[in-house]
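Okay, structure first, notes after.
Here the structure is a predicted model, which is why all the values come from computation and not from measurement.
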Amino acid sequence: MTENSLIRTLQDTIESQNKTIEALREELKRSNENMEYLIQKLYGRKTEKTFAIDGQLVINDIELGLFNEAESEMDPAVLEPVPFEEPIKRTRKGYKRKDLFKDLPSHDQVFKIEESKQICPTDGNRLSVVGNKFVRSEIRYVPAEVSVVNIYQETYECRTCKKENRPGMFSPSTPEPVLQHSYATASSVAWTMYQKFVQAVPLYRQEKDWKQMGFPLSRATLSNWIIKTSEEWLNPVVEKLHEELLKEKYLHADETPVQVFREEGKKNTTKSYMWVYSTSTDSKHGIRIFKYAKGRTGDNAKDFLKGFNGYLHTDGYTGYGKVKDIHHCLCWAHVRRYFKDALPKDMESPEATLPATGIAYCNQLFDWERKFKSLSPEDRKKMRLEKEKPVLDAFWSWVESSNEKVLPKSNIGKALQYALNHKEKLETYLEDGNCVISNNIAENSIRPFTIGRKNWTFCGSPEGANASACVYTLVETAKANGLNPYKYLEFVLSRLPGSDFKTNPKILDLMMPWAELIQKTCKA
């Protein structure tokens, strides 16, 4: 081998090793980035809020300037916010006492001097009452109490009919039971549901509570109550809510995994999913429908939303693409979340600039949305095109130029590519002033389910998962309409048994949470 060829071989070897070293460095950088991301997810703050001061994005006390070339023209007269009035300072004596106690039953407790001691120690004359002096107010808690109600029918007879051998026995009608051959009542089942699906108290803990109150109910019995009453009485209400949901023009959807046991054809460790569909914030009727499904395929959303052809707000999950004949709006909160996840631990490093700039652009859009909140849909659409469209144009230009400078597999690379992949659907909200730029309403609706899931971990069967979906639907829909979930569940369970809603579907209209009687009796 000649000297020149040996040199070339050595140069090639060094160049190859340098490339290997550089690749390992990039791999190590990605690994550290992923590790920091996972540590942040596990131990860090969960809030996604960022804020701006004088047009500067502030994250961890570091200011990063915004690009204002496309947004320099302002119109303060149009966007001037209405100032809030200073709250009136109250004295401690009258501090909100009336407001605090207005919905609570109350009674007075008057302490008296014993009659035998109502003698003046100075002259021995009898004391006279001159009035009551207020000392304080207290809140008294009365623990729950279980009682047994024995139901009888008083029987009557017509003596004349009896003498003349005619049927003459009469008895009053009694309300139908919630479940045949069961101790269950509307109140006990509604309370069990409220504890589990509102307070996130699993059935094994409720079993202990029932035992302490003197009635040993097993968790299996409580589970039967939930499943059977859901199948017989609550599902028809949910189906009616589904009909009403499809009449809306603006909907939101989201999904979250849930572990379900005894699912036919699936291992217990396989993920199933709970889907939620919600009306928009400005809808006349608030509806939140939970739907259990074996998987995450987009066919679930396609089948559930059959007949809907309005605007659907979701995250970037591709499965929603199977829903046809809709206008698909994607969520800018998810875009901001990608950039937030790309922020490095060291905020002073050069790597912090791109994620922070992406967050700054997203925050500008959210700031404009807050200013446009009180406008009519028509004016909101007009102002979005005037003020937000330039921000969007500048954002896309920045994303395209920045995407060429980063590693595709890095967190910032993923954030930039996510935005580019969904550019068209991220701008759909500009078409209609009733659309919103985030899917937070669906995420907030499904959050109680995810919180409850931490306590009860899994559903014991598909029947249990379907019952959970049914009850969560009524609970969250009740909240969306300003109702007390327990009162609403008790109302439905006390009135549907014994009714002929199958032959007279209009009865279900009276079970809707916006019905006049329900609004009067079940208000939170």
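With hydrogens and angles disregarded, a donor-acceptor distance shorter than 3.5 Å links the side chain of N300 to the backbone of G295. Remark: the backbone N or O of C331 is not paired with any side-chain donor or acceptor of N439 at under 3.5 angstrom. Checked by atom type and distance alone, the side chain of E255 never pairs as donor or acceptor with a backbone atom of M274 at under 3.5 Å. Remark: side-chain polar atoms of W332 are not paired, donor with acceptor, to backbone N or O of C362 under 3.5 angstrom. The closest donor-acceptor contact from the side chain of R380 to the backbone of K373 lies under 3.5 Å.
Remark: T160 pairs with C158, E164, R166 by the side-chain contact (heavy atoms from CB on, under 4.5 Å) rule, at least two apart or across chains. Residues satisfying the side-chain contact (heavy atoms from CB on, under 4.5 Å) test with Y311, not counting sequence neighbours, are K249, Y250, H313, H327, C329, T428, E431, D432, C435. Under the side-chain contact (heavy atoms from CB on, under 4.5 Å) criterion, K240 pairs with E243, E244, L508, D509, M512, not counting sequence neighbours. For E115, the salt bridge (Lys or Arg N to Asp or Glu O under 4.0 Å) test picks out no residue, with sequence neighbours left out.
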Side-chain donor-acceptor pairs of residues 488-501 under 3.5 Å, sequence neighbours excluded:
residue, atom, partner, partner atom, Å
Y488, OH, M511, O, 2.6
S494, OG, E490, O, 2.9
S494, OG, F491, O, 3.0
S499, OG, L496, O, 2.6

Let me have the donor-acceptor pairs involving side chains of residues 105-112, under 3.5 Å, with sequence neighbours excluded, atom names and distances please.
none

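Taking each heavy atom of Y273 and Y292 in turn, the nearest pair found is O-CD1, 3.5 Å.
When ring centroids are compared, Y472 and F290 come within the 6.0 Å threshold. Separation of the W275 and Y320 ring centroids falls under the 6.0 Å cut-off. Taking the ring centroids of Y338 and H334, they lie at or beyond the 6.0 Å cut-off.
Looking only at side-chain heavy atoms (C-beta outward), K340 and I359 come within less than 4.5 Å of each other.
Checked by atom type, the side-chain pair S376/D379 shows a donor-acceptor distance below 3.5 Å. Judged by distance alone, the side chains of S283 and S280 never bring a donor and an acceptor atom under 3.5 Å apart. If you check the side chains of S445 and R288, you find a donor sitting under 3.5 Å from an acceptor.
With salt bridges taken as basic N to acidic carboxylate O contacts below 4.0 Å, one links K479 and E476. Ion pairing between a basic and an acidic side chain is recognised when a charged N comes within 4.0 Å of a carboxylate O; R337 and E443 show such pairing.
Taking the six-membered ring where the residue is Trp, H285 and W514 present parallel rings, their angle staying beneath 30° rather than reaching 60°.
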